[in-house]
Novice: 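My questions will all concern the structure given below.
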Protein chains: 2
Amino acid sequence: MFKQPECDTCSSRLSTCLIELAPLQVLEVSQEKHSQLYTRNSYIFAEGQYPRGIYCIHKGHVKISKIGPDGREHIINFAGTGDVVGYSSLLSAETYSISCIAVQDSSVCLIPSEIFFRNIRENPLMALHVMQHLASEVRHTRRRIVELTHKSIRERVAEALLIMKEAFGVDSDGITLRSPLTREEIAGIVGTAPESVIRTLSEFRSDKLIATNGRSIQLLNIRGLVHVANIQS
Amino acid sequence: MFKQPECDTCSSRLSTCLIELAPLQVLEVSQEKHSQLYTRNSYIFAEGQYPRGIYCIHKGHVKISKIGPDGREHIINFAGTGDVVGYSSLLSAETYSISCIAVQDSSVCLIPSEIFFRNIRENPLMALHVMQHLASEVRHTRRRIVELTHKSIRERVAEALLIMKEAFGVDSDGITLRSPLTREEIAGIVGTAPESVIRTLSEFRSDKLIATNGRSIQLLNIRGLVHVANIQS
DNA sequence: GAGAATAAATGACAATCATCAGGGTCTTGT
DNA sequence: ACAAGACCCTGATGATTGTCATTTATTCTC
């Protein structure tokens, strides 16, 4: 164990449904939560387990993924500092249909089910916040369905790079992706084989859209990538 | 206009979040709702429009779909008698990211935004009901992502037939799908071209999994279809 | 119920993508 | 720092699937 963070002074709380809580409830959450460090590639929770609460990312980045029928990992999305994961399985009262895995060393707080349910029952604002979160997740996931089903690998790889930029940001040089993902994990975003990702990245390199250096990727021409990705609306 | 149904005696209400309402609120909803008939292929709402409430399917079947970057319709899912659609865009306070279209002549009631929001604010049980609905929608949509991305056309067409069976049921003969969908619409479920669906259905016919008669499809061997579909968990 | 419009079906072909194999390079953990 | 392992990259090949064209069958509309 390490020093447990305090929720009342935690800036991550302010971007979650916990912002709606009164000071007394914040204190209770702070006392009842369990904070834990996860190293890269360790599970916060796994498909098939029973939910024990919601997880608030205090610091770091995680991936939400699901193993496909072919045994390959599909990355549904990412969450980072200030995001909450695990609503949907907890609310469905079923085992996790997804896994949550740290992609960087991360500090994550578990807020136990009872506390969560009591608060959404007693606090309409927090309930509304959760509903809005779920609603935007539904919308996002639906859009992803159409993108993954109706776009070429080339389009989807370009989009994956933009998703990674959104999720991890870029270095101080302004172009190097702060992403620890392997080519195989990028393939998990795109929904394809690692070789196809590598090949497409090589094309992008020829087209001067990106540069690469081992695992790290520099985005040289973001407008070009947006164009290749063929983003809608 | 035609005779407006009454919510208090409507059995569809009992399968929705409106089941949580007290009699007085049911009465209010019943007075404020707008019921309307939609013929096949007419829009209940369309991508880009502003939500005006939630829609409760009193009788009939609708599809929830989205136009892909290639201009093809992708069918996200179906809703039928006793289902409610339109939560996510209303809660996100954005324009619809999907369209809702009648696939049969259907009677659908619009419950205005104000009534919906007032009730979820004042009724924690109804709020919880909506959260659970959204949660299971998130789970379903995520599973769909993986299925669509990692399965072959053959697997996905088999699955589409099972989805249609679930959504529309079968005739009194026990095998004929009660589905009004064209091959192109089935292609919209599968995420492929109509020709590929037709070809795969021909294969299934050779394999004695189905029989066809114009648009109508008989499921001869459901266990076989389940096997081909390669359903997980 | 007849004609027009729409949809189903099939063939041929091209393009995309997955798979397998192999060599080189980078990362990681001690 | 070093060694072992993991990962990146490329080539060759075959299977799957999308596209275009055409014929036949079915549905819809008046």
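Note that these values count all heavy atoms, side chains included, but never hydrogens, waters or copies made by symmetry. Labels below follow one simple rule: chain letters A, B, ... track the order of the sequence lines, proteins then strands, and each chain is numbered from 1. All values reported here derive from a predicted model rather than from experimental measurement.
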Novice: Of the nucleotides D:dC9, D:dG18, D:dG11, which has the atom closest to the A:R183 side chain?
Specialist: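 The answer is D:dC9, which lies nearest to the side chain.
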Novice: Quick check: closest heavy atoms across A:L134 and B:V138, and the distance to 0.1 Å?
Specialist: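 For A:L134 versus B:V138, the nearest heavy atoms are O-CG2, 4.0 Å.
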Novice: Check the pair A:I111, A:E32 against side chain to side chain contact (heavy atoms under 4.5 Å, CB included), reporting the backbone distance first and the verdict last.
Specialist: CA-CA 7 Å; A:I111 296 158; A:E32 298 293 332; over 6 Å; no
Novice: Compare side-chain N and O positions of B:S196 against OP1 and OP2 of D:dG18 and report whether any pair is under 4.0 Å apart.
Specialist: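 Checking D:dG18 against B:S196, a side-chain N or O does come within under 4.0 Å of OP1 or OP2.
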Novice: When B:Y96 is tested against each of B:Y50, B:F45, B:Y55, B:Y87 for ring pair (Phe, Tyr, Trp, His ring centres under 6.0 Å), which residue passes?
Specialist: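 Testing B:Y96 for a ring pair (Phe, Tyr, Trp, His ring centres under 6.0 Å) against B:Y50, B:F45, B:Y55, B:Y87 leaves exactly one candidate, B:F45.
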Novice: How long is the gap from CG on A:L209 to CG on A:L225, to the nearest 0.5 Å?
Specialist: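 CG of A:L225 is found 5.0 Å from CG of A:L209.
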Novice: Hey, is the side chain of B:R199 pairing donor to acceptor with the base of D:dG18 inside 3.5 Å?
Specialist: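 Checked by distance alone, the answer is no.
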Novice: Run the salt bridge (charged side-chain N to carboxylate O under 4.0 Å, His left out) test against A:K33 and tell me which residues pass, sequence neighbours left out.
Specialist: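 A:K33 satisfies salt bridge (charged side-chain N to carboxylate O under 4.0 Å, His left out) with no residue once adjacent residues are dropped.
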Novice: Are any non-hydrogen side-chain atoms of B:T182 and B:R215 less than 4.5 angstrom apart?
Specialist: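 Sidechains of B:R215 and B:T182: in contact.
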Novice: Suppose we call a contact any N or O donor and acceptor under 3.5 Å apart; does that hold for the side chain of A:E184 and the base of D:dC7?
Specialist: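 Flag unset: no donor-acceptor pair detected.
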Novice: Per the side chain to side chain donor-acceptor pair (under 3.5 Å) rule, which among B:R154, B:E155, B:H150 passes with B:S152?
Specialist: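 With B:S152 as partner, B:R154, B:E155, B:H150 yield a single side chain to side chain donor-acceptor pair (under 3.5 Å), made by B:E155.
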Novice: Strictly under 6.0 Å, is that where the ring centroids of B:H61 and B:F78 end up?
Specialist: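 That pair fails the under 6.0 Å test.
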Novice: How about B:R40 and B:V103: do any of their side-chain heavy atoms sit closer than 4.5 Å?
Specialist: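 With C-beta onward as the side chain, the pair touches.
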Novice: How is B:R156 classified with respect to the nucleic acid when contacts are heavy atoms under 4.0 Å: base, sugar-phosphate, or nothing?
Specialist: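 Nothing, no heavy atom under 4.0 Å.
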Novice: Can you tell me how far P of D:dA15 sits from CG of A:D70, to the nearest Å?
Specialist: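 The distance from CG of A:D70 to P of D:dA15 comes to 19 Å, rounded to the nearest Å.
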Novice: Shoot me the first and last contacting nucleotide of DNA chain C against chain B, ordered 5' to 3', at under 4.0 angstrom to non-hydrogen atoms.
Specialist: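 First and last nucleotides in contact are C:dA7 to C:dA12.
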Novice: Nearest-Å distance, NZ (B:K151) to C1' (D:dT17)?
Specialist: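 About 18 Å, once rounded to whole Å.
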Novice: Any idea which of D:dT17, D:dC9, D:dA21 is nearest the B:S152 side chain?
Specialist: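 Side chain of B:S152 sits closest to D:dT17.
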Novice: If you look only at pairs with a residue in residues 55-66 of chain A, which of them pass as a salt bridge (charged side-chain N to carboxylate O under 4.0 Å, His left out), with sequence neighbours excluded?
Specialist: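 Listed once each, the pairs are A:K63-A:E73, A:K63-A:E185.
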Novice: For DNA chain C, which residues of residues 166-175 of chain B approach it to below 4.0 angstrom with any heavy atom?
Specialist: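 DNA chain C contact set from residues 166-175 of chain B: none.
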Novice: How sharply is the helix from C:dG1-D:dC30 to C:dT30-D:dA1 bent, taking the axes over five pairs at either end and rounding to 10 degrees?
Specialist: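 Nearest ten degrees gives 80° for this helix.
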Novice: Under a 4.0 Å N-O cut-off, is there an ion pair linking B:E147 with B:R144?
Specialist: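 So B:E147 pairs with B:R144 through a salt bridge.
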Novice: Have a look at B:I198 and say if it touches a base, only the backbone sugar-phosphate, or nothing, with a 4.0 Å heavy-atom cut-off.
Specialist: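 Result for B:I198 = base.
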Novice: I'd like to compare against my own output: the B/S/- annotation of nucleotides 23-30 of chain D with a strict under-4.0 Å heavy-atom distance to protein.
Specialist: ---SSS--
Novice: In the structure I gave you, are the side-chain heavy atoms of A:I186 and A:I198 within less than 4.5 Å of one another anywhere?
Specialist: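 A side-chain contact is absent here, since even the closest heavy-atom pair is not under 4.5 Å.
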Novice: Nearest-Å distance, CD (A:E185) to C1' (D:dC8)?
Specialist: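 To the nearest whole Å, that distance equals 14 Å.
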Novice: In this structure, how many angstroms lie between the C1' atom of D:dC7 and the CD atom of A:E195, rounded?
Specialist: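 A:E195 atom CD is separated from D:dC7 atom C1' by 12 Å.
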Novice: Above 12 or not: heavy atoms from other molecules or residues under 6.0 Å from CD of B:E184?
Specialist: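 Open: at most 12 neighbouring heavy atoms sit under 6.0 Å from CD of B:E184.
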Novice: Under 3.5 Å, is there a donor on one side chain and an acceptor on the other for A:S35 and A:Q4?
Specialist: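 Distance-only check fails for A:S35 and A:Q4.
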Novice: When you measure from the side-chain N and O atoms of A:T212 to the phosphate of D:dC8, is any distance below 4.0 Å, counting only OP1 and OP2?
Specialist: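 Result: no.
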